[in-house]
Amino acid sequence: MPSGSMSGGVSGPTSPPHPVVPSRPLRPSRYVPVSAATGFLVGATTLFFCFTCPWLTEQFSVAVPIYNGIMFLFVLANFCMATFMDPGIFPRADEDEDKEDDFRAPLYKTVEIRGIQVRMKWCSTCRFYRPPRCSHCSVCDNCVEDFDHHCPWVNNCIGRRNYRYFFLFLLSLTVHIMSVFGFGLLFILYHTQQLDRVHSAVTMAVMCVSGLFFIPVAGLTGFHVVLVARGRTTNEQVTGKFRGGVNPFTNGCTRNISHVLCSSQAPRYLGRRRKTQTVSVQPPFLRPQLTEAQLAAKVLDNGIHGDLHRSKSSLEMMESQSADAEPPPPPKPELRYPGLSRGPPGHSEEISLLNKAPPTPTMFKYRPAYSSPSKNHTALTHAYANQMSRGDSLKESSSSLLQSSQQPGYRSEPSLDGREGGAGERSGTERTGGPPGGPSGSAVPGYSLGGRSYPSFSDPTVLAGGASLSSSVRSSHNAPPSEASTSYKSIVNQTPPLVPRNGSLSYDSLLTPSESPVFESAAPEMSPGRPRTPVGYSSPFLSAQIAHQREVELHQPSSAALLASTQHAAYIRGSTSSSPPPPPERERLLHDSQPHHHRHHHHHHHRPPRFSRPPLLSDSGHSQPSYGYRTRSTDTPLQSTAHPPRSPHAPPLGKSLSYSSAAAAEMQYRLVRKSSASIGGGGIQAPKDEIQMKSYSRTNGQSKSSLPQSPTTPSSPSYPATVSTRPGQAYSSSGSSQSPAHKPGGGVKKVTGVGGTTYEISV
Amino acid sequence: MATEFHSLQELRHSASLATKVFVQRDYSDGTICKFQTKFPAELDSRIERSLFDETIKTFNCFYAEAEKISGQSYLEGCLACATAYIIFLCMETRYEKILKKVSMYVQEQNEKIYAPRGLLLTDPIERGMRIEISIFEDIGSSSSSSTGSSPSSTAQ
């Protein structure tokens with residue numbers, strides 16, 4: 001007979017029957033029922049056989065004892081199997097199996113069984129989640145599979161493996177009791193005159209015992225017959241689990257019965273001879289070939305998480321990259337994940353941005369969020385399109401930002417000088433994406449935004465306009481006044497040395513705080529109203545700034561002003577020699593097609609101070625650098641250092657669109673400038689202006705053409721924006737303050753388990 | 001259980017147990033022994049999904065066959081009853097026969113597929129019907145991700 005779970009003998013020391021089952025203290029009381037049951041069963045039957053059967057055999061036939069003998073044998077066999085057989089004890093889980101489950105595991109796990117939710121409870125003793133229908137027996141101190149009950153009469157748990165024997169034992173015992181009682185009665189009836197004989201007395205005693213036991217045994221048998229027919233266990237019936245509910249474990253009456261009686265003997269888990277492992281595991285190990293998608297996903301993931309935690313490093317990367325100042329690769333339109341498309345680390349920013357929000361596939365996603373006037377959407381769309389192709393993730397995360405940052409050009413502004421516009425753009429966008437004012441700290445020219453996402457700025461390749469656009473958008477969105485100031489500050493900090501594309505120093509000065517005084521000096525020229533003019537430029541820039549400032553002033557009042565500026569921009573276009581600051585980016589958006597856009601970018605930078613300046617002046621006056629500036633700003637990672645006169649970057653967007661964005665940008669820029677002025681970062685202003693200009697121009701229309709959409713965005717975990725980096729964007733978004741950079745939500749989600757435990761899951 | 005042999009060559013590129021992955025049971029059809037075919041994340045870079053799926057499906061087939069109520073199992077039960085279960089001392093039940101097949105299958109899978117990838121399957125029956133896959137990392141000269149980079153002899 002298979003070994004049972006009973007521990008040692010009645011009086012001897014207990015020894016664990018199985019290695020994995022801990023030894024239990026000897027408890028004699030446990031063996032009383034089983035001993036009694038055994039005693040009664042064997043004793044009574046033996047007496048029956050000795051005293052009653054001989055006469056019956058003679059009187060009736062020999063079949064009586066045979067039948068009774070077989071019955072008794074059957075009862076005994078089942079009794080022994082029920083007593084000694086392992087009911088289906090689960091071995092305790094090894095240490096290594098539960099290490100993840102023990103402390104943080106919820107008390108319950110839910111599984112669905114045929115559509116019904118069933119809870120699996122964590123067994124702290126056995127260290128695993130009890131399978132359905134498994135229960136821990138306190139008497140045996142084991143988890144038993146398909147636990148029915150612990151039967152004291154057999155001193156064993158009744159579970160999956162021995163339920164059949166227990167049931168048969170009950171059935172056979174009932175029949176046996178009935179037959180013993182019946183034959184004894186027969187004997188008595190035939191010996192009514194000889195009741196004083198021993199045989200009669202014994203028979204009567206046996207009859208009493210059997211009669212006494214018949215009632216509970218029959219009751220129990222009937223109970224279990226019902227259970228088997230219903231497919232339930234005693235445990236479930238007694239605890240009322242399925243009262244009024246549906247039992248997910250039933251297969252129908254017939255199937256349930258056949259399952260109990262006819263299924264193959266289940267194996268035991270304990271005490272199995274463990275097969276020695278003959279297979280040797282030796283390196284080197286094969287690795288599966290990753291599919292492209294898997295790789296992409298992997299890269300993306302890695303990038304994202306990496307970016308989350310290493311904004312700085314990404315920034316640094318950007319910085320180094322920006323130094324290279326190579327034109328960023330053309331955007332890949334189908335790219336969905338920045339990580340995939342981007343080669344240069346500059347994408348890290350985008351990736352980090354991406355982390356913030358789950359990548360959403362399409363640029364259209366941002367449309368609704370975009371609060372700028374509808375017209376802006378068109379322009380924005382282009383921008384987004386470009387960006388999308390490039391930055392994917394960035395854009396997605398910065399959807400709102402994108403929308404708000406109408407001015408991709410803004411972003412690129414800072415990078416105008418020297419570095420591909422994309423860098424600037426990127427940083428701009430990055431900034432918006434990132435936390436306000438998170439200074440990227442990179443020396444990235446111009447755009448090492450405080451951290452936000454400007455790292456990309458430094459990297460010309462990353463300039464992908466998309467990134468910049470998104471960041472610009474973000475920054476603009478995020479640019480509430482306070483943020484604007486911060487972002488601005490960060491911008492300033494970041495932009496130290498924007499290498500002017502055309503080598504003009506003015507931009508550099510514009511961008512770097514140190515040079516801000518230059519800018520600032522220029523500013524006053526532009527308009528008294530301008531609080532702090534950004535660094536004075538070299539002559540061309542100064543003029544541009546002035547023009548820009550004027551534009552800003554012009555635009556400030558209302559969109560009408562924007563319109564005016566637009567017109568001015570057009571006007572400016574014509575004039576090449578006009579003072580640099582072109583009309584704000586919006587102008588550029590409007591007239592997209594012009595090379596003046598570059599100028600506009602310029603102007604944007606100077607914009608706040610330049611608002612006063614008639615746009616006319618700005619445009620024409622823009623020197624080449626402004627061109628490069630512009631182009632770079634949002635969309636043109638492709639821009640090389642030399643500002644290639646930008647041919648129409650983008651089809652001029654609806655005037656209204658550009659205006660509105662321009663106006664917004666202007667306003668924001670002004671706010672930013674003011675704050676920055678207060679901060680004392682004169683130089684900051686300059687880059688801001690530039691940035692703004694860029695963003696403006698970019699959004700205006702460069703988005704399409706100009707946005708190289710380099711997927712790489714400033715690597716900073718890019719919180720949406722600190723407006724600082726992209727002042728232009730701030731207002732380019734037409735005042736719609738971009739939601740301040742959604743912080744990459746920490747990626748922690750709290751989940752409450754069934755048992756009331758709360759878990760934090762990192763997203 | 002990592003390496004059977006202990007030669008110097010092997011020590012040079014030995015594998016150490018890094019982690020274990022458990023394949024959970026699939027209870028959607030009741031308490032029958034069935035495993036989830038969900039691909040564990042830890043194995044993502046170690047084995048092809050198709051191979052893993054095939055292994056799990058084979059396990060499921062084995063156990064479904066073992067737990068099936070068929071004529072054979074019925075006759076087995078009757079016979080056991082008739083012999084007062086003494087037959088269990090002599091004969092192997094159907095389930096046990098299938099468990100032996102499973103064990104051989106596990107061995108074969110380990111030899112052919114899992115061990116070369118630094119993984120090791122364990123027989124579910126040894127773990128209370130939970131599939132455990134041990135993941136080994138190479139602590140030899142190369143990093144764990146090396147695949148065949150080490151020129152060493154994989155002494156077998």
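So you know, we letter chains A, B, ... as the sequences are listed, proteins then strands, and number each from 1.
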Heavy-atom side-chain contact between B:Tyr85 and A:Asn78 under 4.5 Å:
yes

Flag side-chain contact, heavy atom, 4.5 Å: A:Pro267 against B:Ile125:
yes

Residue pair B:Arg130 / A:Pro91: nearest heavy atoms and the distance that separates them
NH2-O, 4.4 Å

Tell me, with the steps shown, if A:Ile113 and B:Ser28 meet side-chain contact (heavy atoms from CB on, under 4.5 Å).
CA-CA 4 Å; A:Ile113 300 177; B:Ser28 57; over 6 Å; no

Between A:Ser263 and B:Ser73, the two heavy atoms sitting closest are C-CB, 4.2 Å

I'd like to verify something: which residue of B:Asp26, B:Asn110, B:Asp123 has the highest number of heavy-atom pairs under 4.5 Å with chain A?
B:Asn110

More than 12 heavy atoms from other groups under 6.0 Å of NE2 on A:His136:
yes

Max heavy-atom pairs within cutoff under 4.5 Å with chain A, candidates B:Cys81, B:Gly71, B:Cys78, B:Gly77, goes to B:Cys81

Check each atom of A:Leu168 against the heavy atoms of chain B and say whether the ones under 4.5 Å are side chain, backbone, both or neither.
side chain

Close side-chain approach of B:Thr31 to A:Phe249, heavy-atom, < 4.5 Å
yes

Let me see the working for A:Arg268 and B:Glu126 under salt bridge (Lys or Arg N to Asp or Glu O under 4.0 Å), right down to the final yes or no.
CA-CA 10 Å; A:Arg268 72 167 178 276; B:Glu126 293 172 7; over 6 Å; no

Which one, B:Gln72, B:Glu67, B:Arg25, B:Gln107, leads in non-hydrogen pairs under 4.5 Å with chain A?
B:Gln107

Non-hydrogen side-chain atoms of B:Phe88 and A:Met81 separated by less than 4.5 Å
yes

Count the heavy atoms belonging to other residues, nucleotides or ligands that lie under 6.0 Å from CZ of B:Phe62, then report whether that count exceeds 12.
yes

So, the part of B:Glu111 with a heavy atom under 4.5 Å from chain A: the answer is both

For A:Arg133, which atoms come within 4.5 Å of any heavy atom of chain B: side chain, backbone, both, or neither?
side chain

With a 4.5 angstrom heavy-atom cut-off, which part of B:Asp29 approaches chain A: side chain, backbone, both or neither?
backbone

Counting heavy atoms not belonging to B:Lys97, are there more than 12 under 6.0 Å from its NZ?
yes

So OG of A:Ser264 and CD1 of B:Ile69: to nearest 0.5 Å the spacing works out to 10.0 Å

B:Ala80, part contacting chain A, at a heavy-atom distance under 4.5 Å
neither

Smallest heavy-atom separation, A:Gln265 atom then B:Tyr95 atom, equals O-CB, 3.3 Å

More than 12 heavy atoms of other residues, nucleotides or ligands under 6.0 Å from NZ of A:Lys241: yes or no?
yes

Check this for me, if you would: do A:Arg164 and B:Glu76 make a salt bridge, where the nitrogen-to-carboxylate-oxygen distance has to be below 4.0 angstrom?
no

Residue A:Glu112 versus chain B: region with a heavy atom under 4.5 Å:
backbone

Heavy-atom proximity to chain A below 4.5 Å, by part of B:Leu119
backbone

Residues, nucleotides or ligands: over 12 heavy atoms within 6.0 Å of B:Met104 CE:
no

Just wondering, do A:Tyr269 and B:Met129 contact through their side chains at under 4.5 Å, heavy atoms?
yes

Give the member of B:Ala66, B:Pro116, B:Cys33 that has the highest number of heavy-atom pairs under 4.5 Å with chain A.
B:Pro116

